[in-house]
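What follows is a short report on a single structure.
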Amino acid sequence: MAGTLTRKDFVSNQEVRWCPGCGDYAILAQVQKVLPEFGVAREKVVFISGIGCSSRFPYYMNTYGFHTIHGRAPAIATGLKVTRPDLEVWVVTGDGDGLSIGGNHLVHALRRNIGLKILLFNNRIYGLTKGQYSPTSEVGKVTKSTPMGSVDFPFNPIAVALGAHASFVCRAVDVEQKHLGEMLRRAHEHRGGAFIEIFQNCNIFNDGAFHELTDKPLKADYQLILEHGKPLIFGRNRDKGVRLNGHKPEIVTLANGASEKDLLVHDETDPALGFILANFAPPMPTPIGVFYVDSRPPFEAEMNRQLERAKEQRGVGDLRKLLYGGDTWTVS
Amino acid sequence: MALPGGSAGQEEGARPRAPEAPQQPQRKPVIQRSQVVVRFAGDSGDGMQLAGMQLTAESALAGNDLATLPDFPAEIRAPAGTLAGVSGFQLNFSSNEVFTPGDEPNVLVAMNPAALKANIDDLSTGAIVIVDKEAFTESNLKRAGYESNPLTDHSLDRFQVFEVEVGRLTTLALRELGLGNREVQRCRNMFVLGLVSWLYHRPLEPTLSWLNRRFEKSAELREANLRAVRAGYNFGEATEIFASSYQVPPARIEPGVYRNITGNSAVALGLVAAAVSAGRPLFLGSYPITPASDILHDLAAYKNFGVYTFQAEDEIAGVNAAIGAAFGGAIGVTTTSGPGMDLKAEAVGLAVKVELPLVIVDVQRAGPSTGMPTKPEQADLLMALYGRHGEAPLPVLAAATPADCFECAYEAVRLAVKYMTPVIVLSDSNLANGAEPWRLPELERLAPIKVEFRTDPEGYQPYLRDEQTLGRPWVIPGTPGLEHRIGGLSSEHLTGNVSYSPTNNELMVRIRARKIAGIARELAPTTVFGDPEGGDLVILAWGSTFGAVREAVKQARAAGRKVSHVHLRYLNPLPADLGAVLRRFAKVMVAELNLGQLLKLVRAEYLIDAFGCNKVQGRPFKVSELVARIERALK
């Protein structure tokens with residue numbers, strides 16, 4: 001059955017109710033497009049979300065789905081994935097849901113390497129509650145709850161994930177459809193927990209938050225597409241590169257005497273490099289793509305192995321022996 | 001010697017404190033007792049819990065009925081010799097039926113001045129006090145806050161005080177083994193256990209075989225502990241201090257196979273038994289918290305039963321992971337105590353709304369806030385019933401004894417999967433750590449737990465309910481053709497689609513309420529201990545107060561009072577006949593370790609002018625307190 005699935009098979013009969021123009025539409029479309037290509041049976045796919053605009057996502061997927069409570073989706077998904085490793089479990093969360101109220105669960109799911117595919121829609125704003133600043137909003141952000149500008153220093157989701165030692169960390173942009181599809185595919189193929197930050201435009205409360213990365217004339221100068229084993233080159237004329245000066249990255253112009261061999265070459269397996277890339281700030285370009293991957297075994301595999309080992313060593317549990325087997329005495 | 005406690009037996013005048021030099025073994029008179037309450041007390045590192053547990057095992061083998069209560073500080077190792085660091089273990093063994101660990105110890109073993117000071121007020125006149133004389137040094141006395149030495153200032157004159165040089169005698173017994181002083185001193189608990197075992201004719205076999213097992217890998221420590229127990233036992237026989245010993249004949253006990261069980265262990269076993277019966281894996285999501293952690297520890301050892309134990313990052317993740325596991329078809333459970341219940345409330349409400357089975361075990365402790373984490377209280381009742389936003393009813397069960405924790409845990413799983421609902425089980429720190437002999441259930445007689453996942457797509461709707469139970473079908477991911485979405489948003493009757501329809505919302509709220517209320521149909525009629533047809537007074541109680549209330553009612557009835565006892569296991573829904581039963585009595589008293597929570601419920605539910613008997617001291621009711629309260633109520 002799996003081989004014959006199409007996009008339509010993953011579209012539910014529920015009317016999609018995000019604001020017109022919301023970046024969520026693009027992400028939904030891409031997920032529905034690429035899922036059939038993965039060859040996973042539809043009934044084996046589960047979408048679990050918390051609370052927020054992004055968390056309506058499961059209602060629109062014709063798979064199993066669970067719209068839970070604010071911030072707790074990674075915890076609920078953990079219980080499911082641990083007991084049902086046969087399922088492909090996707091978590092949909094946002095910058096408020098995943099990094100504010102649910103920050104604890106997110107970092108622990110990542111450090112444990114639960115085999116979840118976590119999509120964090122980052123629009124740097126609270127949309128569903130109508131426009132308060134979020135833990136990824138920039139310092140100085142003026143919102144309804146910060147009329148004089150936010151004094152909060154923001155989280156960098158990629159750095160948080162790397163700090164939690166996530167085994168797969170990448171970033172995509174809602175409207176960069178092909179690249180987003182590629183990132184979803186990489187996440188699907190990764191055996192452990194995958195973290196995907198998706199820059200997502202909230203056209204109502206934070207329009208244009210990522211416009212340098214999405215506006216045609218600008219994006220080539222601001223986007224740095226990460227590719228394993230390739231030098232870091234960007235710019236509309238692909239004439240700018242990144243090299244390391246000590247641990248500090250700097251931009252060089254290829255025409256001005258620097259050559260490709262001077263440039264930093266991306267290595268997805270290098271966590272130190274991942275951190276350096278995660279912390280790129282203007283004037284450095286914004287990296288998108290896979291920052292870091294490792295292949296340590298997922299939590300659920302290890303836990304189920306322990307259960308199997310216990311059965312091998314002690315035999316499948318016998319209730320009578322368990323109750324009657326200890327220090328008992330008989331009264332007759 | 002005069003032993004308090006009203007038990008019959010020969011009496012003998014108090015003896016003066018005698019020199020402790022060992023004498024030649026000699027036969028001594030044996031006095032019969034029907035009941036003895038022993039309390040061991042020392043620093044939390046003195047091994048008092050182990051000594052108490054072994055005396056319990058010996059008493060079980062001796063055929064006595066018994067109940068125990070450990071009492072330990074929240075601090076794992078409070079400063080040695082201070083009141084805060086005193087750890088105690090109380091055992092009540094009897095030739096009659098035992099309902100409580102006993103009000104007042106007949107025997108106190110105090111390993112240092114702090115242990116004496118912390119416990120002496122609980123003893124009645126004439127009680128035996130065995131102290132480690134060597135520990136009564138000036139600095140220890142000062143640390144315990146004694147201004148003068150109680151062993152010499154006559155403040156203990158109303159007790160039978162036996163001063164024993166426990167340290168020196170233990171050292172003498174072990175001197176050939178060449179152990180360091182630290183190891184030797186750690187055997188002091190076994191010396192006093194041996195001594196008390198001699199005093200009450202306890203068989204040493206369970207302790208000797210336990211020591212052999214425990215120190216299997218260290219011949220030296222095994223020999224040291226074995227020698228210490230025997231030395232204590234022989235010292236009792238040899239010394240002149242103790243002029244006589246005591247015998248407590250076996251109790252008449254229902255035939256069967258027994259084991260000792262604590263409430264926490266019984267919860268764990270009940271959950272495993274239920275999961276086995278249901279044929280589903282058990283998933284525990286839990287965060288360590290006193291006094292519930294032992295359930296997590298026990299279940300972690302049952303992996304070969306397909307038990308998953310997930311030590312979550314917090315209480316919230318624990319319950320949510322259990323909900324996720326239930327969504328996938330496992331028996332989802334979370335275990336905690338009061339503070340954790342506060343944190344889990346939102347997730348429990350989600351489980352109510354999406355109608356997934358879930359068991360929440362709340363081992364209550366004294367609150368509010370951090371309160372007294374190791375002490376019992378029953379003040380989480382109204383939270384269990386109502387502590388969620390919105391209309392979110394669910395079944396609530398309370399265990400009455402340590403062994404009853406097995407039944408309640410099992411029953412909670414049965415109800416959860418049958419009615420597709422979260423169920424709360426209330427235990428408390430008394431039950432959790434208290435132990436009693438448990439007559440093992442015949443497995444064939446446990447109610448079967450049936451789990452059938454729907455797989456037929458024909459006519460399937462997520463909220464199409466069973467006509468009888470009103471439970472919705474349990475469909476798990478992986479089932480082809482039944483893909484569906486559930487969630488916390490108000491959902492449409494039958495389809496489960498998100499709905500903001502006002503009338504639909506009320507319909508769904510009412511259906512869920514009816515589903516839970518309907519469970520009352522399968523509850524057994526209320527049993528009345530005492531006068532089922534009615535009388536002057538009925539005591540209504542729930543949870544761990546069972547033993548004290550039952551014993552008090554027995555004593556009052558023996559004195560001719562028309563008092564009865566009704567004990568509730570189901571706090572929601574309440575048994576359908578409860579109101580009618582209570583109305584048969586002239587007076588209704590609700591006894592509970594809170595300020596009147598069940599009382600409030602009974603008054604609201606039945607418009608009965610009930611009154612309360614309440615205590616919030618982090619201690620169980622004493623039988624004597626309840627007897628006095630009964631007398632007052634009948635005036």
Side-chain angles (χ1 to χ4, degrees), chain A residues 1 12-14 41-49 51 58-59 61-84 86-87 104-105 107-108 303-304 306-307 309-311 313-317 319-320 322-324 326-332, chain B residues 57 60-61 63 206 253-260 269 272-273 276 281 283 285 302-308 310 312-314 316-318 320-330 332 346-347 350 354 439-441 443 476-489 497-498:
Chain A
M1 173 176 171
S12 82
N13 61 1
Q14 296 297 294
R42 194 176 62 180
E43 68 270 15
K44 292 280 194 185
V45 179
V46 185
F47 277 83
I48 297 185
S49 63
I51 295 292
Y59 290 119
M61 295 296 301
N62 193 16
T63 62
Y64 283 94
F66 197 169
H67 179 215
T68 71
I69 45 179
H70 207 8
R72 317 305 171 200
I76 289 189
T78 292
L80 181 63
K81 183 69 181 174
V82 163
T83 49
R84 294 290 307 277
D86 60 309
L87 301 173
N104 198 27
H105 309 306
V107 295
H108 286 281
M303 186 179 246
N304 279 287
Q306 282 196 346
L307 263 63
R309 217 168 56 219
K311 287 173 192 166
Q313 288 170 353
R314 285 180 276 157
V316 175
L319 191 56
R320 182 171 303 277
L322 177 65
L323 295 185
Y324 286 76
D327 281 333
T328 61
W329 68 94
T330 303
V331 176
S332 46
Chain B
L61 189 69
I253 294 175
E254 209 179 334
V257 181
Y258 284 80
R259 68 185 277 187
N260 256 320
L269 290 175
V272 172
V276 168
F283 178 92
Y302 300 151
K303 288 186 170 49
N304 59 328
F305 285 84
V307 174
Y308 295 85
F310 173 64
E313 59 270 24
D314 59 27
I316 297 171
N320 279 293
I323 291 172
F327 182 52
E346 187 189 16
L350 173 70
V354 297
R439 191 162 71 92
L440 293 169
L443 297 183
I476 59 171
T479 315
L482 293 179
E483 292 85 354
H484 67 281
R485 274 66 57 195
I486 56 174
L489 284 168
N497 290 331
V498 174

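Quantities reported herein were computed from a predicted structural model and do not represent experimental measurements. Sequence lines set the chain letters: A, B, ... in the order given, protein chains first and strands last, and positions in each chain run from 1.
- Here the closest heavy-atom approach between residue Asn304(B) and residue Gly315(A) is recorded as ND2-O, 3.0 Å.
- Shown here are the salt bridge (Lys or Arg N to Asp or Glu O under 4.0 Å) partners of Lys44(A), two or more places apart in sequence or in another chain: Asp86(A).
- For a residue to count as touching a neighbouring chain, one of its non-hydrogen atoms must lie under 4.5 Å from one of that chain's; by this rule Ala60(B) touches chain A with backbone and side chain alike.
- By the salt bridge (Lys or Arg N to Asp or Glu O under 4.0 Å) test, Glu346(B) is found to be paired with no residue, residues two or more places apart in sequence or in another chain being considered.
- Interface check for chain B: of the options Gly65(A), Pro58(A), Ala77(A), the most heavy-atom pairs under 4.5 Å are formed by Gly65(A).
- Taken to the nearest 0.5 Å, the OH atom of Tyr258(B) stands 12.5 Å off from the OG1 atom of Thr328(A).
- Minimum heavy-atom separation, Phe66(A) to Leu350(B): CZ-CD2, 4.0 Å.
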Checklist entry - Would Ile316(B) and His105(A) satisfy side-chain contact (heavy atoms from CB on, under 4.5 Å), going step by step from the backbone distance to the final call? => result CA-CA 9 Å; Ile316(B) 297 171; His105(A) 309 306; 3.9 Å; yes
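- The candidate with the highest count of non-hydrogen atom pairs below 4.5 Å against chain A, out of Leu61(B), Leu489(B), Val498(B), is Leu489(B).
- Between Thr68(A) and Val354(B) there is no side-chain heavy-atom pair separated by less than 4.5 Å.
- In terms of modelled atom types and a separation under 3.5 Å, the side chain of Arg485(B) and the main chain of Thr63(A) share a donor-acceptor contact.
- Chain A forms the most heavy-atom pairs under 4.5 Å with one residue out of Val272(B), Asn497(B), Val276(B), and that residue is Asn497(B).
- Classification of the Tyr64(A)-Phe327(B) ring pair by plane angle, with boundaries at 30° and 60°, yields perpendicular.
- For chain A, the nearby parts of Ala347(B) are the backbone and the side chain; heavy atoms of each come within less than 4.5 Å.
- With a 4.5 angstrom heavy-atom cutoff, Pro206(B) does not touch chain A via any of its atoms.
- Interface residue Pro477(B): backbone and side-chain heavy atoms are both found under 4.5 Å from chain A.
- Tyr308(B) OH to Gln306(A) CD: the interatomic distance, rounded to the nearest 0.5 Å, is 11.5 Å.
- Ranked by heavy-atom pairs under 4.5 Å with chain A, the first of Gly306(B), Ala326(B), Ala57(B) is Gly306(B).
- Residue Leu87(A) touches chain B through its side chain alone, counting heavy-atom pairs closer than 4.5 Å.
- Contact annotation for Val316(A): both backbone and side-chain heavy atoms come within less than 4.5 Å of a heavy atom of chain B.
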Item to check | side-chain contact (heavy atoms from CB on, under 4.5 Å) between Asn320(B) and Ile69(A), intermediate numbers included | outcome: CA-CA 9 Å; Asn320(B) 279 293; Ile69(A) 45 179; 3.7 Å; yes
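- Annotation: maximal heavy-atom pairing with chain B below 4.5 Å, among Thr330(A), Thr78(A), Ile51(A), Leu322(A), occurs at Leu322(A).
- The two residues Leu323(A) and Leu269(B) make their nearest non-hydrogen contact at CD2-CD1, 3.8 Å.
- Interface residue Arg84(A): only side-chain heavy atoms are found under 4.5 Å from chain B.
- When Leu443(B), Val307(B), Ile253(B), Ile323(B) are compared by the number of non-hydrogen pairs under 4.5 Å with chain A, Leu443(B) comes out ahead.
- Scanning all heavy atoms of the two residues, the minimum distance from Glu43(A) to Thr479(B) falls at CB-O, 3.5 Å.
- Note on Arg320(A), Met61(A), Arg309(A): by heavy-atom pairs under 4.5 Å with chain B, the leading option is Arg320(A).
- For Phe283(B) against Thr83(A), the heavy-atom pair with the smallest separation is CD1-CG2, 3.5 Å.
- In terms of heavy atoms, Ala310(A) sits closest to Lys303(B) at CB-CB, 3.7 Å.
- Interface remark: Ser332(A) contributes backbone atoms only to the contact with chain B (heavy atom separation under 4.5 Å).
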